[in-house]
Amino acid sequence: MSVGDFRAIKAELFQKRVLDWYDVSKRQMPWRETKNPYFIWISEIMLQQTRVETVIPYYERFIKNIPTIEALAQIDEDELLKYWEGLGYYSRARNLQKAAKQIIEVHAGVFPRNRNELENLAGIGPYTAGAILSIAFDKREVAIDGNVLRVFARLSGIREDISKPATIKQITHLVEELIPSSRNGDYTQSLMELGATICLPNGKPLCKQCPLKELCVAKNESLQELIPLKTMKKKRTIQQKTILVIMNEDNQVFIRKRIEDGLLKGMWEFMMMDSHLSVEEVITSLEKQYFQIKQILPLLPSTHIFSHLEWEMKAYKIVVNQYPKDLDGMFVSIQSLIKEYSLPTALKAYKDYVKEQMK
DNA sequence: AAGGCGGGGTG
DNA sequence: CACCCAGCCTT
């Protein structure tokens with residue numbers, strides 16, 4: 001069998017198999033209870049590279065507190081990031097607000113309903129545009145995510161690297177040819193659901209339970225564990241950091257906002273240095289910045305793994321009784337730190353330490 | 001075309 | 001540990 005053989009199958013058979021399976025097997029998700037494009041949009045952005053179970057509580061809290069495009073456009077950035085804290089890929093939150101403003105200014109507050117206008121909004125690419133159009137508006141558009149790429153690579157026996165644009169284009173055409181005459185939103189979701197629950201990655205598909213097993217080239221050729229082809233991945237680079245949890249005599253802690261770096265941009269952090277510093281080096285560096293140090297105490301080192309790099313963190317708690325006025329950050333109370341400012345999960349160990357200092 | 005961008009679940 | 005997740009953006 002080949003891609004050609006797969007294309008020869010009856011579209012109606014394929015559609016009936018996958019939609020019937022979806023009706024019986026779909027999981028419950030809060031965004032499946034609505035057609036409100038704003039809600040669908042929020043869910044799709046949160047779901048980018050993020051598992052369904054992780055998203056659900058974030059989604060519930062977000063739409064409860066920021067229920068409309070207008071509310072999203074007007075919210076303070078730090079408050080917005082607070083709702084995103086721990087979810088990762090924080091540019092998604094900033095792009096969400098940028099897009100909300102675009103919708104109000106360019107589209108008079110009316111949610112766009114064609115692919116071109118959607119893809120011109122910040123943070124919306126081909127997948128998200130297709131998802132919103134098919135799910136919220138029942139338009140004849142497809143949404144190609146990692147699940148759909150894997151499902152269709154196996155179904156049609158494609159041996160190419162599924163991350164290559166040419167392969168994505170080829171699969172996009174196959175998915176488009178099979179759009180049903182109705183229920184396209186369910187069609188979109190059924191393909192992703194199949195990938196997430198049956199046609200699993202890492203050579204572990206549950207083919208016996210698959211409603212499409214008779215139509216699957218990979219299954220019929222016993223290639224389902226070899227497809228899709230895995231791409232070589234780059235090794236993580238390791239960075240050494242020294243975290244300085246600086247507190248003043250009023251039990252306030254020093255934080256500053258990350259601006260210049262792409263990584264964790266917009267998030268707040270403790271003072272950090274780019275290498276491992278000894279007690280003496282820390283003291284020298286802080287005195288050079290006109291801090292007067294009253295006490296310095298080593299904290300437990302910790303490690304945080306990002307997808308593309310790794311932080312090896314040494315840390316110190318430092319109590320100062322005097323500090324310069326022109327700081328690139330500020331001292332805030334511990335309660336305020338917890339309630340109002342978003343810190344990356346990478347700093348969780350030291351945020352937890354600060355929490356314990358609350359009196 | 002390739003790499004940056006978080007955090008967590010899973011085997 | 002490595003892989004991958006309802007991807008998008010920049011270079």
Side-chain angles (χ1 to χ4, degrees), chain A residues 22 26-27 29-32 40-59 81 84-96 98-99 118-136 141-151 161-169 172 175 185-197 199-205 228-237 239 258 261-267 269 303-311 342-348:
Chain A
Y22 180 69
K26 69 179 173 191
R27 295 168 292 174
M29 302 173 194
W31 47 88
R32 285 186 173 163
I40 301 293
W41 172 43
I42 301 302
S43 74
E44 290 300 342
I45 300 298
M46 286 186 171
L47 286 162
Q48 287 169 6
Q49 296 293 287
T50 311
R51 293 165 191 283
V52 168
E53 310 81 64
T54 305
V55 166
I56 289 175
Y58 281 92
Y59 169 84
L81 285 171
W84 212 269
E85 185 180 27
L87 199 52
Y89 287 137
Y90 298 96
S91 67
R92 291 185 295 177
R94 291 194 309 276
N95 281 335
L96 218 39
K98 194 183 296 180
L118 282 174
E119 289 187 8
N120 277 327
L121 298 176
I124 297 187
Y127 162 76
T128 305
I132 293 171
L133 289 168
S134 61
I135 297 170
E141 296 277 354
V142 298
I144 310 300
D145 75 331
N147 288 308
V148 178
L149 289 173
R150 183 174 59 255
V151 167
D161 181 344
I162 56 170
S163 68
K164 294 226 179 289
T167 314
I168 296 172
K169 190 183 251 181
T172 299
V175 179
D186 286 345
Y187 172 63
T188 291
Q189 297 191 75
S190 70
L191 299 178
M192 295 192 285
E193 191 82 359
L194 192 64
T197 62
C199 198
L200 302 175
N202 294 319
K204 295 289 176 194
L229 236 60
K230 47 177 95 171
T231 63
M232 272 266 293
K233 224 162 238 183
K234 220 185 72 175
K235 236 178 76 181
R236 260 194 298 273
T237 59
Q239 295 180 347
R258 294 175 67 91
D261 218 9
L263 182 66
L264 302 170
K265 190 165 65 180
M267 303 292 281
E269 64 178 11
T303 297
H304 184 79
I305 298 174
F306 300 89
S307 13
H308 58 300
L309 59 88
E310 186 170 335
W311 280 0
S342 299
L343 267 65
T345 301
L347 298 176
K348 180 176 189 306

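A note on names: the letters A, B, ... follow the listed sequences, proteins ahead of strands, and every chain is numbered from 1. In this text the structure is predicted, and so the values were computed from the model without any measurement.
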Exercise. Sequence neighbours excluded, which residues qualify as salt bridge (charged side-chain N to carboxylate O under 4.0 Å, His left out) partners of Glu141(A)?
Worked result: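 In terms of salt bridge (charged side-chain N to carboxylate O under 4.0 Å, His left out), with neighbours along the sequence ignored, Glu141(A) is linked to Arg115(A).
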
For this session: Using salt bridge (charged side-chain N to carboxylate O under 4.0 Å, His left out) as the criterion, list what pairs up with Lys98(A), not counting sequence neighbours.
Result: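 None.
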
Which whole number of Å gives the distance between the [atom1] atom of [N] and that of [M]?
N       : M       : atom1 : result
dT11(C) : dG6(B)  : P     : 15 Å
dC5(C)  : dA1(B)  : C1'   : 23 Å
dA6(C)  : dG11(B) : P     : 14 Å

For this session: Hey, which sits more toward the 5' end of DNA chain B by its nearest nucleotide, Pro165(A) or Ala346(A)?
Result: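 The residue closer to the strand's 5' end, by nearest nucleotide, is Pro165(A).
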
Is [X] close enough to [N] that one of its side-chain N or O atoms is under 4.0 Å from OP1 or OP2 there?
X         : N      : value
Lys234(A) : dG4(B) : yes
Arg150(A) : dC5(C) : yes
His308(A) : dG6(B) : no

Exercise. Is Ser307(A) side chain donor-acceptor paired with the dG6(B) base, going by distance under 3.5 Å alone?
Worked result: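 It does, because a donor-acceptor pair links the side chain of Ser307(A) to the base of dG6(B) below 3.5 Å.
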
With 3.5 Å as the limit, what N/O pairs link the protein to nucleotides 9-11 of chain B?
none

Exercise. How would you list, by chain and number, every residue that makes a side-chain hydrogen bond (donor to acceptor under 3.5 Å, both in side chains) with Glu310(A), sequence neighbours excluded?
Worked result: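 Result, side-chain hydrogen bond (donor to acceptor under 3.5 Å, both in side chains) vs Glu310(A): none returned.
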
For this session: Sequence neighbours left out, what passes ring pair (Phe, Tyr, Trp, His ring centres under 6.0 Å) with Tyr59(A)? Give chain and number order.
Result: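 Trp31(A).
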
Listed pairs, N/O of protein and of nucleotides 7-11 of chain C, under 3.5 Å:
| from | atom 1 | to | atom 2 | distance (Å) |
| --- | --- | --- | --- | --- |
| dG7(C) | OP1 | Gly146(A) | N | 3.2 |
| dG7(C) | OP2 | Gln49(A) | N | 2.9 |
| dG7(C) | OP2 | Gln49(A) | NE2 | 3.2 |
| dC8(C) | OP1 | Gly125(A) | N | 2.8 |
| dC8(C) | OP1 | Gly125(A) | O | 3.3 |
| dC8(C) | OP1 | Thr128(A) | N | 3.0 |
| dC8(C) | OP1 | Thr128(A) | OG1 | 2.7 |
| dC8(C) | OP2 | Tyr127(A) | N | 3.4 |
| dC9(C) | OP1 | Gly123(A) | N | 2.6 |

Exercise. Just how far is it from atom CG of Leu229(A) to atom OG1 of Thr167(A), taken to the nearest 0.5 Å?
Worked result: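 It comes to 9.5 Å.
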
For this session: Have a look at Met267(A) and say if it touches a base, only the backbone sugar-phosphate, or nothing, with a 4.0 Å heavy-atom cut-off.
Result: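 If one applies the 4.0 Å heavy-atom cut-off, Met267(A) turns out to touch nothing in the nucleic acid.
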
Problem set entry | Qualifying salt bridge (charged side-chain N to carboxylate O under 4.0 Å, His left out) pairs with a residue from residues 47-56 of chain A, counting only residues at least two apart or across chains |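 Output for this query lists Arg27(A)-Glu53(A).
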
Exercise. Can you list every salt bridge (charged side-chain N to carboxylate O under 4.0 Å, His left out) pair that touches residues 40-49 of chain A, not counting sequence neighbours?
Worked result: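 Non-adjacent pairs meeting salt bridge (charged side-chain N to carboxylate O under 4.0 Å, His left out): zero.
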
What donor-acceptor contacts under 3.5 angstrom involve side-chain atoms of residues 128-136 of chain A, with partners at least two apart or in another chain?
| from | atom 1 | to | atom 2 | distance (Å) |
| --- | --- | --- | --- | --- |
| Thr128(A) | OG1 | Gln48(A) | NE2 | 3.0 |
| Ser134(A) | OG | Gly130(A) | O | 2.8 |
| Ser134(A) | OG | Ala131(A) | O | 3.4 |
| Ser134(A) | OG | Thr188(A) | OG1 | 2.9 |

Problem set entry | Separation of dA1(B) C1' from Ile168(A) CD1 (nearest whole Å) |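 From Ile168(A) CD1 to dA1(B) C1': 12 Å.
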
